[in-house]
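Position 1 is the first residue of the sequence, and the numbers go up from there.
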Amino acid sequence: MAEGCDLAAIKKIPVDQLKLGMHVHEFCGSWMDHPFWRSKFTLSKEADLRRIVDGGVKELWIDASKGLDVEAGRGDAAQEVTREAVAEAVERELEFVASMPFELDEPLSGDAAFAKAAALYRSSVPKISSMFNEARLGKAVSAAQCEALVDEISESVMRNPGALISVARLKRADEYTYMHSVAVCALMVSLGRQLGLQGDHLKKAGLAGMLHDLGKAVMPTDVLNKPGKLTDAEFDTMKTHPERGHEMLVEGGSVGPVVLDVCLHHHEKFDGTGYPHKLAGDQISLFAKMGAVCDVYDAITSVRPYKSGWDPGEALRRMAQWKGHFDPRVFQAFVKTVGIYPIGSLVRLQSGRLAVVISQNPNSLLTPKVKAFFSTKSNLRIPPHEIDLGSPFCNDKVAACESPDDWPFKDLEQLWGAPKP
């Protein structure tokens, strides 16, 4: 216990006795068992109470000298507390993740990394397209050919974890199905490294990402590329793609259990509401949990036949609100993988300038390198200039994420360094 505490007021209680107005002194167990970046605060918001109860915490310490006691907590004194805005809760959760120790390699310089990533991206299109076409014709997928491409993608991730992921997000709507495979492969390798996977396990994660959507090769093209909302019948058809892909990979007989599992179960949800088997919690393998996060992130940040892609920072914040969709620990690792503010995110600085994220800071996810280009105070464009928010000489920082849809900018991709197609 910290010095200066009234030890008589420090009490350990089960989580079902926790009430609004109590002062949380410390959570029992590992930091991974609770969703807060701090452990000492007065519980004044219903959203925080729900997150603690739903987050798996069994017991915690309260300080009755700074908040309600167990008995007092059973009254109505806390009813006047207002609800916390969802956005504030999500921001705290993401900042909690950012406060954790993490490792990020010193990347290859941006321009060089993006150029190499773009070249790999372009060379991958015919290879993935050929693989899907052969699968559509009933031919077995060559694991050896796929593994060679996985190796190239892995090398790109090692050079600069964000380059290929960012470039792949720019895929055209008509090549989404093919390049989604490349993007998810890269995300799986990058996430696997964050989770400590090495060697053969890392290669299997990448191969699983590349082949996870193989079943879409045999989906009706008018449904797959439909520019509008699917009917219930069409959606039911699309929901068969994990099983169809699994069947094709089993017939091929050369990919192994990890790839088969991710192909079949990447649409399962942590709370058991996914498909095809409604698996929940530890019934879902680590690799399938990884596949679920990577698949969704690339899908919602990419241009599709029926919608534009979400800003990457906005996508993370929305994903953080989908309670029960992802394994919390895997999602936390994923946030550390792509960054609180992924490359290409539009952010507002405390100085009033708008900027786009151009690279991550190896020492802090909250202080990326950005390129400022617009003043909200004068409502005018300003000469683009880079700012290292992690520099000890910088007195500016990110105030909030912005949605590009709210601004008339058409050159964000060029500003963050995206190579020309």
Side-chain angles (χ1 to χ4, degrees), residues 117-136 139-159 161 163-169 171 175-193 195 197 199-219 224 241-267 285-299 301-302 334 337-338:
L120 174 57
Y121 176 87
R122 287 190 292 268
S123 68
S124 299
V125 173
K127 297 176 184 177
I128 300 294
S129 175
S130 175
M131 177 185 75
F132 271 76
N133 287 334
E134 289 183 357
R136 188 176 294 112
K139 297 180 181 180
V141 172
S142 170
Q145 290 182 358
C146 292
E147 287 174 354
L149 184 53
V150 170
D151 287 340
E152 291 185 67
I153 292 171
S154 297
E155 290 173 6
S156 176
V157 170
M158 301 302 178
R159 286 193 296 266
L164 183 59
I165 293 168
S166 301
V167 169
R169 200 175 64 243
K171 63 181 75 67
E175 63 185 22
Y176 170 80
T177 300
Y178 307 137
M179 298 320 299
H180 178 60
S181 300
V182 174
V184 175
C185 174
L187 286 166
M188 289 284 281
V189 171
S190 194
L191 175 56
R193 292 178 68 211
L195 290 168
L197 300 183
D200 192 47
H201 288 102
L202 201 59
K203 178 176 287 191
K204 288 177 180 177
L207 185 60
M210 180 170 292
L211 297 175
H212 79 289
D213 261 352
L214 187 65
K216 288 185 177 179
V218 292
M219 294 294 102
L224 187 64
H241 80 267
E243 293 167 298
R244 296 296 304 277
H246 182 264
E247 291 169 3
M248 288 189 287
L249 291 174
V250 168
E251 290 173 3
S254 62
V255 297
V258 168
V259 177
L260 291 173
D261 177 53
V262 174
C263 179
L264 185 59
H265 294 132
H266 65 277
H267 281 293
S285 73
L286 171 63
F287 289 96
K289 291 173 180 176
M290 292 167 58
V293 177
C294 297
D295 173 69
V296 168
Y297 176 79
D298 184 66
T301 57
S302 300
F334 184 78
T337 298
V338 298

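Within the 4.5 Å cutoff, side-chain heavy atoms of Leu195 are placed close to those of Leu286. Contact of the Val262 side chain with the Met290 side chain is not registered, since no non-hydrogen atoms from C-beta on lie closer than 4.5 Å. At a threshold of 4.5 Å between non-hydrogen side-chain atoms, the residues Asp213 and Asp295 count as touching. Here the side chains of Leu249 and Leu211 are in contact, with some heavy-atom distance below 4.5 Å. No side-chain heavy atom of Met188 sits less than 4.5 Å from a side-chain heavy atom of Leu207. Using a 4.5 Å heavy-atom threshold, the side chains of Leu264 and Glu243 count as touching. In this structure, Leu224 and Lys216 have side chains that are in contact, with non-hydrogen atoms separated by less than 4.5 Å.
Considering every non-hydrogen atom in both His267 and Pro242, the closest pair reads CD2-CG, 4.0 Å. Closest of all the heavy-atom pairs between Ser124 and Met179 is CB-CE, 4.2 Å. The minimum heavy-atom distance between Cys294 and Leu191, with the atom names listed, is SG-CD2, 3.9 Å. Contact record, Tyr178 with Asn133: OH-OD1, 4.0 Å, taken as the closest heavy-atom pair. Contact record, Asp298 with Ala183: OD1-CB, 3.2 Å, taken as the closest heavy-atom pair. Of all the heavy atoms in His266 and Gly291, the pair that sits closest is CB-C, 4.2 Å.
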What side-chain donor-acceptor pairs closer than 3.5 Å can you find for residues 148-158, not counting sequence neighbours?
{"from": "Asp151", "atom 1": "OD1", "to": "Lys203", "atom 2": "NZ", "distance (Å)": "3.4"}
{"from": "Glu152", "atom 1": "OE2", "to": "Lys127", "atom 2": "NZ", "distance (Å)": "3.3"}
{"from": "Ser154", "atom 1": "OG", "to": "Val150", "atom 2": "O", "distance (Å)": "2.9"}

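With rounding to the nearest 0.5 angstrom, the NZ atom of Lys139 is 14.5 Å from the CE atom of Met131.
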Working note: Val182 + Ile128, criterion side chain to side chain contact (heavy atoms under 4.5 Å, CB included); need CA distance, chi angles, decisive distance, verdict. CA-CA 8 Å; Val182 174; Ile128 300 294; 3.9 Å; yes
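Ring centroids of His180 and His212 are separated by less than 6.0 Å, placing the two rings close together.
Distance alone, capped at 3.5 Å, is enough to place a donor-acceptor pair between the Thr301 side chain and the Tyr297 backbone.
Within a 6.0 Å radius of NE2 in His201, no more than 12 heavy atoms belonging to other residues, nucleotides or ligands are found. Within a 6.0 Å sphere centred on CD of Glu134, other residues, nucleotides and ligands contribute more than 12 heavy atoms.
Screening residues 245-266 for salt bridge (charged side-chain N to carboxylate O under 4.0 Å, His left out), with sequence neighbours left out, gives Arg244-Glu247.
Here Phe287 pairs with nothing under the ring-ring contact (aromatic ring centres under 6.0 Å, His included) rule; sequence neighbours left out.
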